[in-house]
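Worksheet: the structure to be examined is printed underneath.
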Amino acid sequence: MKLSHHTTFSGTQTTVVDVVRWAQELARLHACIAPRFARPEPRRRALAYLQGLLSPIERKNGWQLAEHAREARPDGMQRLLASAVWDADLVRDDLRAYVLETIGAPGAIVVIDETSFLKRGRKSAGVRIQYCGTTGLRENWKAWRVSLLRHESWTHLARS
């Protein structure tokens with residue numbers, strides 16, 4: 001299904017219809033990957049995990065994602081990533097097929113870039129001393145992943 005409409009509008013307000021459409025698309029994506037999870041619990045938790053990643057919560061760690069999913073502890077989210085039985089290669093293939101079906105059109109572009117930002121201070125979450133490509137030195141920095149989806153009729157920019 002090729003999109004014939006905007007999914008993210010530039011310069012206008014997000015409407016309830018936009019939010020409903022995004023939720024429906026996320027449910028459709030989850031339906032594509034759900035069969036790759038061996039048990040129903042990780043299958044359901046995978047959707048909650050994706051919803052958390054796409055949510056406006058600032059810190060996307062186990063505790064915050066679990067709280068967003070209305071879980072009392074992060075154990076389930078951690079188990080999903082560490083030991084749940086699912087086929088990561090098939091999920092990747094399903095995701096690729098979904099993206100091609102959804103935005104695959106002549107002129108569509110997907111760009112994913114990892115950009116590093118220097119941080120000064122000792123208490124920033126996710127910051128550690130490591131090689132930083134921006135400076136060419138070992139420094140305190142945090143990596144951000146920036147993705148750009150560009151189609152002739154719409155653009156979406158996301159950061160994680």
Side-chain angles (χ1 to χ4, degrees), residues 1-10 12-105 108-117 119 123-128 130 141-151 154-160:
M1 171 185 121
K2 303 274 192 280
L3 295 178
S4 60
H5 55 275
H6 295 280
T7 57
T8 302
F9 298 100
S10 300
T12 61
Q13 295 289 350
T14 301
T15 67
V16 172
V17 173
D18 295 329
V19 174
V20 169
R21 189 176 329 123
W22 296 335
Q24 289 170 338
E25 279 302 309
L26 183 59
R28 193 168 78 84
L29 170 60
H30 181 256
C32 292
I33 66 171
R36 307 309 183 188
F37 294 86
R39 296 183 44 84
E41 298 87 357
R43 199 174 299 137
R44 284 191 300 268
R45 192 163 280 123
L47 177 58
Y49 181 79
L50 291 172
Q51 289 168 332
L53 290 178
L54 294 170
S55 75
I57 59 175
E58 264 187 59
R59 297 180 61 211
K60 308 232 181 345
N61 61 34
W63 273 106
Q64 277 74 27
L65 292 173
E67 287 175 359
H68 185 268
R70 293 183 167 78
E71 296 180 5
R73 303 185 44 79
D75 304 352
M77 290 294 175
Q78 292 167 347
R79 193 169 37 256
L80 172 68
L81 299 175
S83 62
V85 178
W86 57 288
D87 192 322
D89 291 334
L90 290 177
V91 169
R92 180 206 55 221
D93 294 346
D94 291 343
L95 178 59
R96 181 180 183 278
Y98 172 83
V99 169
L100 288 173
E101 176 188 328
T102 305
I103 65 167
I109 300 170
V110 177
V111 177
I112 300 174
D113 178 45
E114 182 171 284
T115 303
S116 54
F117 294 91
K119 290 288 201 172
K123 297 185 180 181
S124 297
V127 174
R128 63 179 184 221
Q130 56 191 334
W141 70 278
K142 179 171 179 117
W144 297 87
R145 276 150 205 90
V146 179
S147 62
L148 170 70
L149 306 176
R150 176 80 176 116
H151 187 272
W154 53 267
T155 299
H156 175 73
L157 179 66
R159 145 184 97 80
S160 62

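Everything quoted here is computed from the prediction, not taken from an experiment.
Under the side-chain hydrogen bond (donor to acceptor under 3.5 Å, both in side chains) criterion, Asp87 pairs with no residue, sequence neighbours left out. Arg43 is linked by a salt bridge (charged side-chain N to carboxylate O under 4.0 Å, His left out) to nothing, counting only residues two or more places apart in sequence or in another chain. With sequence neighbours excluded, the residues forming a side chain to side chain contact (heavy atoms under 4.5 Å, CB included) with Asp93 are Leu90, listed by chain and number. Taking the salt bridge (charged side-chain N to carboxylate O under 4.0 Å, His left out) definition, one finds that Arg44 meets it with nothing, sequence neighbours left out.
Note that CD of Gln51 and NE2 of His30 are 8.5 Å apart. Values are rounded to the nearest 0.5 Å. Atom CD of residue Glu25 and atom CZ of residue Arg21 lie 9.0 Å apart, to the nearest 0.5 angstrom. Atom CE in Met77 sits 11.0 Å away from atom CD in Glu67 (nearest 0.5 Å).
Side-chain atoms of Asp94 and Leu29, non-hydrogen and from C-beta on, never get closer than 4.5 Å to each other. Side-chain contact between Thr15 and Val20 is absent, with no heavy-atom pair separated by less than 4.5 Å.
Across Tyr98 and Cys32, no two heavy atoms sit closer than the pair CD1-SG, 4.5 Å. When every heavy atom of Lys60 is checked against every heavy atom of Ser55, the shortest pair comes out as NZ-O, 3.0 Å. Leu65 and Leu53 make their closest contact through CD2-N, 3.8 Å (heavy atoms, listed as atom of the first residue, atom of the second, distance). The shortest heavy-atom contact between Glu101 and Arg28 is OE2-NH1, 3.0 Å.
Applying the ring pair (Phe, Tyr, Trp, His ring centres under 6.0 Å) definition to pairs two or more places apart or across chains, none involves residues 42-71.
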Enumerate, atom names and distances included, each donor-acceptor pair closer than 3.5 Å involving a side-chain atom of residues 78-86, sequence neighbours excluded.
residue: Trp86; atom: NE1; partner: Leu80; partner atom: O; Å: 3.2

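Residue Arg39 places its CZ atom among 12 or fewer non-hydrogen atoms of other residues, nucleotides or ligands, all under 6.0 Å distant.
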